[in-house]
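Here's the structure, in structure tokens; my notes come after.
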Amino acid sequence: MEKFLRPLGRQLTRPRPKYPYAVPAVSYARRYLTVPHTVPALKDKSLFIQKCFVNGEWVAAESGKSFEVQDPATGKTIGTCPEFTPEDTHHAIAAATTAFPSFRKTLARERARLLRRWHQLMLDNADDLATLITWENGKPFADAKGEVLYAASFFEWFSEEAPRITGDTIPSSIPGNRIITLKEPVGVCGFITPWNFPAAMITRKVAPALAAGCTVVAKSPSETPFTANAIAELGLRAGLPKGVVNIVTGLDNTPAIGKLLTTHPEIRKVSFTGSTNVGKLLMQQSSSTLKKLSFELGGNAPFIVFDDAIDLDAAVAGVVASKFRSSGQTCVCANRIYVQRGVYEEFSRKLAEKVKGFNLGHGFHEGITHGPVINERAMTKVAEHVRDAESKGGKIIIGGSKAEDLGLNFFHPTIITDMTKDMQLASEETFGPVAGIFPFETEKEVVELANAAEVGLAGYFFSKDVRRIFRVAEALEVGMVGVNTGIISDPAGPFGGVKQSGFGREGSKYGIDEFLTIKTVTFGGMGEPLQD
Ligand code: SIN
């Protein structure tokens with residue numbers, strides 16, 4: 001995923017607004033649009049926080065500096081957040097370090113109850129959290145609400161995992177010895193999270209960390225810091241002890257904060273969701289202190305429709321769900337859609353009919369199905385992929401241009417047919433609402449094409465042949481496969497990639513392992529006979 005296209009920080013800058021906001025507002029939306037510089041109508045206004053969260057308190061940067069956060073659909077300023085420096089971030093690391101010895105000793109049941117209370121508070125405040133997500137990320141309010149439930153589900157899931165952290169007893173190969181293992185929290189964790197899921201990408205890391213007994217310093221995304229702050233505030237209300245979770249923000253200082261989190265000796269684990277390029281840099285930096293790492297990086301998901309697909313309409317629905325979710329801005333979005341010749345024309349026509357029914361606009365408007373992309377850089381990349389495909393023979397059957405009349409950063413959902421492997425979209429993740437459809441003839445050919453990518457996060461295919469299902473699922477070089485579905489995100493399923501999509505798994509029963517170390521305890525002199 002191209003969440004960070006340039007080195008950390010500078011790439012997060014949002015462009016200055018170019019267009020006046022021109023979307024005709026309907027009743028629900030007008031409330032927000034007419035008060036652009038104030039908090040939208042949150043039920044609980046105290047959830048809009050323009051500070052950092054350090055040692056259980058809301059604080060500004062010592063310099064007093066802050067950066068502006070803008071609505072991606074309008075360019076209007078939502079508010080500001082502190083421009084934390086590495087020195088400010090040191091306080092957060094110190095707080096997490098001080099909190100760790102006592103937090104690691106809390107009963108797993110206590111941590112489970114904390115996570116359950118936090119889960120419930122997220123549900124109780126779902127409308128406000130969704131409002132913040134839509135405001136700063138742009139996704140339609142209904143999708144934002146879905147994200148809140150998804151995000152909260154990680155607290156629920158890991159509240160159930162916390163009490164089930166168990167070690168082993170292992171038969172020794174040395175006579176008289178006995179071996180047991182203890183699972184221990186790895187320590188203070190540093191997180192760097194992306195803007196595309198302002199709630200879910202932070203809870204998916206914080207929940208297992210806390211379940212394991214770790215403490216956290218998280219750098220929230222500069223585009224979408226307010227959702228993370230609201231979640232932290234709910235954590236405080238749920239009873240989060242001081243220093244256990246700390247949230248820092250920054251724009252220009254992002255690279256320096258990233259460097260500190262990856263080099264500070266007290267930080268034992270770094271978890272990052274973002275681009276492969278930034279992942280490589282963070283991994284290099286982390287080598288200085290050999291941190292435990294989990295990286296969820298870029299994808300370029302193949303989506304294959306075989307001509308024996310159970311139902312072409314279901315395959316179309318699968319592509320709509322996978323390709324156009326969050327306007328194509330998820331790392332598991334289908335990027336290359338391969339359709340077998342026998343159904344190519346029909347599938348493309350049916351997909352275009354569906355896409356015609358999309359409703360592009362500001363996320364607060366009623367009936368909107370798709371929002372803007374995050375910024376001008378994202379727009380440029382999308383436009384470039386479209387232009388490149390067209391210049392090499394691709395046919396745009398719907399969309400293909402910016403929707404400047406709607407506001408900032410709107411691109412019409414686009415379908416391009418007659419795609420070929422020399423086109424940019426074939427080898428680079430678009431991270432936008434463009435579906436490129438490639439024809440193919442055989443199973444072998446398409447699996448080779450699918451596996452040609454350097455990354456391997458998700459892959460999808462539609463087929464009803466059970467033997468083919470196993471053959472292809474096993475052959476795809478990805479961490480996650482969707483068979484006859486376009487939706488694979490689920491707190492119960494291990495989320496993560498292979499190749500240059502990174503390593504480690506989030507969610508599921510495996511997610512907690514990323515935050516635990518195994519200590520082996522060997523007992524000697526245990527083989528004596530029973531005493532008389
Ligand atoms: C991501 O885009 O990084 C995550 C998407 C998901 O969890 O579905």
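For ligands, and for the atoms within them, numbers begin at 1 and follow the listed sequence.
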In a table with atom names and distances, give each donor-acceptor pair under 3.5 Å that connects a side chain of residues 471-484 to protein atoms at least two apart or in another chain.
{"from": "Arg471", "atom 1": "NE", "to": "Glu443", "atom 2": "OE2", "distance (Å)": "2.7"}
{"from": "Arg471", "atom 1": "NH2", "to": "Glu443", "atom 2": "OE1", "distance (Å)": "2.8"}
{"from": "Glu477", "atom 1": "OE1", "to": "Lys499", "atom 2": "NZ", "distance (Å)": "2.7"}
{"from": "Asn484", "atom 1": "OD1", "to": "Ser463", "atom 2": "N", "distance (Å)": "2.9"}
{"from": "Asn484", "atom 1": "ND2", "to": "Ser463", "atom 2": "O", "distance (Å)": "3.0"}

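- For ligand 1, the polar-atom distance check finds no N/O of Gln329 at less than 3.5 Å from any of the ligand's N/O atoms.
- Crowding of Tyr510 atom OH: a count of heavy atoms from other residues, nucleotides or ligands under 6.0 Å not exceeding 12.
- Between the choices Ala458, Gly298, Ser489, Gly507, the shortest heavy-atom distance to atom 8 (O) of ligand 1 belongs to Ser489.
- At least one donor-acceptor pair under 3.5 Å links the side chain of Lys323 to the backbone N or O of Gly432.
- The distance from ligand 1 to the heavy atoms of Phe495 drops below 4.0 Å at these ligand atoms: 4 (C), 5 (C), 6 (C), 7 (O), 8 (O).
- Heavy-atom contacts of Arg204 reach the following atoms of ligand 1: 4 (C), 7 (O) (cutoff under 4.0 Å).
- Remark: of the listed residues Lys205, Lys269, Arg505, Arg268, Lys269 is the sole one forming a salt bridge (Lys or Arg N to Asp or Glu O under 4.0 Å) with Glu514.
- Between atom 7 (O) of ligand 1 and the options Phe431, Phe197, Tyr150, the minimum heavy-atom separation is to Tyr150.
- Residue Thr330 approaches ligand 1 through these ligand atoms, each under 4.0 Å from one of its heavy atoms: 2 (O).
- Only the side chain of Arg325 comes within 4.0 Å of ligand 1, judged by heavy-atom distances.
- Checked against the 6.0 Å centroid criterion, the rings of Phe306 and Phe440 qualify as a close aromatic pair.
- The 12-atom threshold is not exceeded at CD of Glu454, counting heavy atoms of other residues, nucleotides or ligands nearer than 6.0 Å.
- Contacts between Thr273 and ligand 1, counted as non-hydrogen atom pairs separated by less than 4.0 Å, involve the side chain only.
- Take Asn451 and apply the side-chain hydrogen bond (donor to acceptor under 3.5 Å, both in side chains) test, not counting sequence neighbours, and it matches no residue.
- The distance from ligand 1 to the heavy atoms of Cys331 drops below 4.0 Å at these ligand atoms: 1 (C), 2 (O), 3 (O), 4 (C).
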